[in-house]
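Heads up: the structure comes next, in structure tokens.
Every chain is numbered from 1 and lettered A, B, ... according to where its sequence line falls, protein lines coming before strand lines.
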Number of protein chains: 2
Amino acid sequence: MRQKRKGRPTNTSRRERISPLTVARLSLYLRHLEELAAQGQSMVSSRQLGDALGLTDVQVRKDLASFGQFGRPGVGYEVNGLVRRLREIFGTERVWDVAVVGVGSIGRALLAFKGLVKKGFHVAAAFDKDPRKIGKRVSGVLVRPMTELAVTVRRKGIRLAVLAVPASAAQEAAEDLCQAGIKGILNFSPVRLNLPDHVAVVPVDLAAKLQQLNYFIGPPKSRQG
Amino acid sequence: MRQKRKGRPTNTSRRERISPLTVARLSLYLRHLEELAAQGQSMVSSRQLGDALGLTDVQVRKDLASFGQFGRPGVGYEVNGLVRRLREIFGTERVWDVAVVGVGSIGRALLAFKGLVKKGFHVAAAFDKDPRKIGKRVSGVLVRPMTELAVTVRRKGIRLAVLAVPASAAQEAAEDLCQAGIKGILNFSPVRLNLPDHVAVVPVDLAAKLQQLNYFIGPPKSRQG
DNA sequence: TAATGTGAACATTTTCACAGCA
DNA sequence: TGCTGTGAAAATGTTCACATTA
């Protein structure tokens, strides 16, 4: 019932839905596999991968099995093959241009962040509405006025944006991004964006994460009751 | 006690475990409720809250019910009361000191981030191992050498840290933090930290989030099918 | 023996349906 | 009627047990 073993059914371009939690873990796998590849390791078992990332071996196999048969029983997974396949899934065999909107401290940090390129992303344009910033270069990227957003995004074919403006300006800027044809927004502003469904938004709320961390730590060790 | 109306079971200090996904949403509720309070709104329904945050009304009620009975049937929830209760849950009726380790671009962004104070966090100390940074002030905070970490953390009673050092230095710095008695780490380094269980770690991997966003957007819209 | 892949059991989370209060 | 609170159903996610392949 299954195909020959050599011709492996990798359901390559079939976009059957991978669960979001699995997708989140796939980027962990990719990160670690890239490290292993850099160290010259050519095979890896689900156990090794899981141990390195704090997951069970079964979880790793289930996740990897969600997009095709890759492993060789008794042997493990081929590192380079998996890296290729995961990049294909994330669409990062190529490099994607990203726009940064808001060149405050967070925007600046992203412009300076070298790690992005290795992962397949390149900050290709930056926007701000502060006239004092416009025309300057930050980490080598020219800061443009918001009025040039649509034109620049279209000309460069940018589909991803990072939104790092103050809360009060976020919704409006997000709508500008939509108008410009952006497909996905990584949102650092502590605001829920109200946008059409065809635009994907991933929120990143640092203060909220600290609150949650504080909850899980619990009350101060009641030293005296 | 405060049972004024019908004895309402608010299980105030009972720390029965709230599920992690609920906790994540509780910070969303708190954020929005604080806004409503600032606007002078005194009551809110689960429906209104849900609409504002992209959740169903049932989800909101289930979440709020997970730590006591708060709503008044036919009326809704009292905004200020909920704000107080949520702050109590997150432990943020008081302000907590936070240490930032690594004063690169991300560390700097956090030092400059005003939003933290409003949420109950104050960056009280910064550390780096680069001698050129040590002794300088960044956003008003003195940068100290890593060798002073333990002493400073203990003296100031700091229990939360943000780790923003390069991947290669992350594990070692994290161990230093543990030694110093830190209880929770917000980890910006793209590395899984291997630490004792009693230290809580919340990872924040920006490149990974972009990858996931790219996955959900899917392949470039093949314009002619 | 050392691995993968997977159905079935289990656990968690979300949604539904509705009882009951104001 | 408008709203909360909640048991039960449905959906989603994780772990277990084991067949299978190298």
**Q.** A/Arg25 vs D/dT14: side-chain N/O to OP1/OP2 distance below 4.0 Å
**A.** yes
Q | All pairs passing salt bridge (Lys or Arg N to Asp or Glu O under 4.0 Å) where residues 44-60 of chain A contributes a residue, at least two apart | A | A/Arg47-A/Asp57, A/Asp57-A/Arg61
(Q) Please give me the minimum heavy-atom distance between B/Leu55 and B/Val60, naming the atom from each residue. (A) CB-CG2, 4.4 Å
Can you name the atoms? Protein N/O to nucleotides 8-11 of chain D N/O, anything below 3.5 Å, with the distance.
residue : atom : partner : partner atom : Å
D/dA8   : N6   : B/Lys62 : NZ           : 3.4

Q) C/dG5 P sits how many Å from A/Arg72 CZ, rounded? A) 11 Å
Q: Indicate whether any N or O donor in one side chain lies under 3.5 Å from an N or O acceptor in the other, for A/Gln211 and B/Thr92.
A: no
Q | Criterion side chain to side chain contact (heavy atoms under 4.5 Å, CB included) on B/Tyr77 and B/Ser46, from CA distance to verdict | A | CA-CA 8 Å; B/Tyr77 299 83; B/Ser46 57; 4.1 Å; yes
Q: Can you tell me the distance, in whole Å, between the CD1 atom of A/Ile18 and the C1' atom of D/dG13?
A: 15 Å
**Q.** Pairwise salt bridge (Lys or Arg N to Asp or Glu O under 4.0 Å) hits with a residue in residues 187-212 of chain A, at least two apart
**A.** A/Asp205-B/Arg31
Q.
What I want to check is whether the side chains of B/Gln171 and B/Glu175 have a donor and an acceptor closer together than 3.5 Å.
A. yes
**Q.** Rounded distance (Å) that lies between atom P of D/dT4 and atom CZ of B/Phe67
**A.** 13 Å
Q.
Quick check on contacts: within residues 52-61 of chain A, what sits under 4.0 Å from DNA chain D by heavy-atom distance?
A. A/Thr56, A/Val58, A/Gln59
Q.
Restricting to non-hydrogen atoms, name the atom on B/Leu82 and the atom on B/Phe67 that form the minimum distance, rounded to 0.1 Å.
A. CD2-CZ, 4.3 Å
**Q.** Phosphate OP1/OP2 of D/dG2 contacted by B/Tyr77 side-chain N/O (<4.0 Å)
**A.** no
Q | Nearest heavy-atom neighbours spanning A/Ile158 and A/Ala125 | A | CD1-CB, 4.3 Å
Q: Could you check which of C/dG20, C/dT13, C/dA3 has an atom nearest any side-chain atom of B/Pro20?
A: C/dT13
Q: Can you tell me the distance, in whole Å, between the CD atom of B/Gln69 and the C1' atom of C/dA22?
A: 16 Å
Q. Given A/Asp97 and A/Lys156, is the salt bridge (charged side-chain N to carboxylate O under 4.0 Å, His left out) satisfied, shown in steps?
A. CA-CA 8 Å; A/Asp97 281 341; A/Lys156 300 203 177 195; over 6 Å; no
Q) Does B/Ser19 place a side-chain N or O at less than 4.0 Å from the phosphate oxygens OP1/OP2 of C/dT12? A) no
Q.
For a quick test of reading the model, state the closest non-hydrogen atom pair linking B/Val123 to B/Leu110 and the distance between them.
A. CG2-O, 4.2 Å
Q. Please give, in whole Å, the distance from D/dT4 P to B/Tyr29 OH?
A. 12 Å
Q.
Give the residues of residues 35-50 of chain B touching DNA chain D, defined as any heavy atom closer than 4.0 Å, sorted by residue number.
A. B/Ser45, B/Ser46
**Q.** Residues which pass side-chain contact (heavy atoms from CB on, under 4.5 Å) with A/Leu149, listed by chain and number, not counting sequence neighbours
**A.** A/Val101, A/Phe127, A/Met146, A/Val153, A/Asp176, A/Leu177, A/Ala180
Q: Select from A/Asp63 and B/Gly74 the residue whose nearest nucleotide in DNA chain D is closer to the 5' end of that strand.
A: B/Gly74
